[in-house]
Undergrad: 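Can you read through this structure? Questions will come right after.
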Amino acid sequence: DGELQTDGNRSGHFQNGEQVFDPEVNEEIVRTIAAQLAEIGDQLDKEVKAKVVNDLVQHFLNENLSREEITRCLSQAVEVLARAIPSDLEREKAMLVLAMVLTKKVANKVPFLLQRVFSTTVNYISQHFHGYVARMVSADTA
C-alpha cells in the first residue's frame, strides 16, 4: 500500500468500494520520484543489449525454473548490466531502474509472460530495494 508504481501512481486498497491510499505519502513527491526513475530508465534503455533480453526471455519461458531461480536470473542480468552504469549515477537507483527496464523489454518481446515477469520483478525489488525505495520516499518528504 502506498508504494511507488512504475507508472508514477501509487497502489492502494479498496475499502467500502472506494480506493484508499496511505495518507502519509505525498502524491507530488511520488510523481517526482517516478519521473526521475523514468528519465534514468530512458538513458539506461539504450545500454540493454538484445542478447541480455533474449537470454532472460529463455529463462522466463523455462517452466521448470522455480520462482527463486527466475528471480536469481533477473538479479544476475541486472548485476551484469550494472557494471556499465555511469559513475555519476547512484548504483541502487540505477539497478532498480535496470530491473524495470528489463521487465519492460521482456514483456514487450513476449507479452504472454507479463504476469510472470511482473511478479518476478516485484519479488526482486522487494528483496533487494524495498528499503531503498522507502528511504527515497521518506528523504523527499523530510
Undergrad: Verify side chain to side chain contact (heavy atoms under 4.5 Å, CB included) between F60 and V106, making sure each step is shown before the conclusion.
TA: CA-CA 9 Å; F60 277 106; V106 170; 4.1 Å; yes
Undergrad: Let me confirm one number: the CZ-CG distance from R116 to L65, rounded to the nearest 0.5 Å.
TA: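 So the CZ of R116 and the CG of L65 are separated by 6.5 Å.
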Undergrad: With sequence neighbours left out, what residues match N54 under side-chain hydrogen bond (donor to acceptor under 3.5 Å, both in side chains)?
TA: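 If we apply the side-chain hydrogen bond (donor to acceptor under 3.5 Å, both in side chains) test to N54, skipping adjacent residues, the hits are K109.
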Undergrad: Measure the CG-NZ distance between L98 and K93 for me, rounded to the nearest 0.5 Å.
TA: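 Taking CG in L98 and NZ in K93, the distance rounds to 13.5 Å.
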Undergrad: When rounded to the nearest 0.5 angstrom, what is the spacing between CG in N62 and CD in E69?
TA: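 If we round to the nearest 0.5 Å, N62:CG and E69:CD are 8.5 Å apart.
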Undergrad: Can you list the residues that meet the side-chain contact (heavy atoms from CB on, under 4.5 Å) rule with T103, with sequence neighbours excluded?
TA: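 side-chain contact (heavy atoms from CB on, under 4.5 Å) list for T103, sorted by chain: V117, T121.
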Undergrad: Would you give the length of the straight line joining atom OH of Y124 to atom CD1 of I70, rounded to the nearest 0.5 angstrom?
TA: 14.5 Å
Undergrad: For the CZ atom of F118 and the CE atom of M100, what is their distance to the nearest 0.5 Å?
TA: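 So the CZ of F118 and the CE of M100 are separated by 9.5 Å.
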Undergrad: Treat each ILVMFWY residue as a node, draw an edge where side-chain heavy atoms are under 4.5 Å apart, and state whether L102 and L61 are in one component.
TA: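 Yes, one cluster joins them.
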Undergrad: So, taking the atom named OG1 in T120 and the one named CZ in R72, what distance separates them when rounded to the nearest 0.5 Å?
TA: 12.0 Å
Undergrad: Taking distance alone, no hydrogens or angles, what donor-acceptor pairs closer than 3.5 Å link side-chain atoms of residues 74-83 to residues at least two apart or in another chain?
TA:
from	atom 1	to	atom 2	distance (Å)
E79	OE1	R91	NH2	3.4

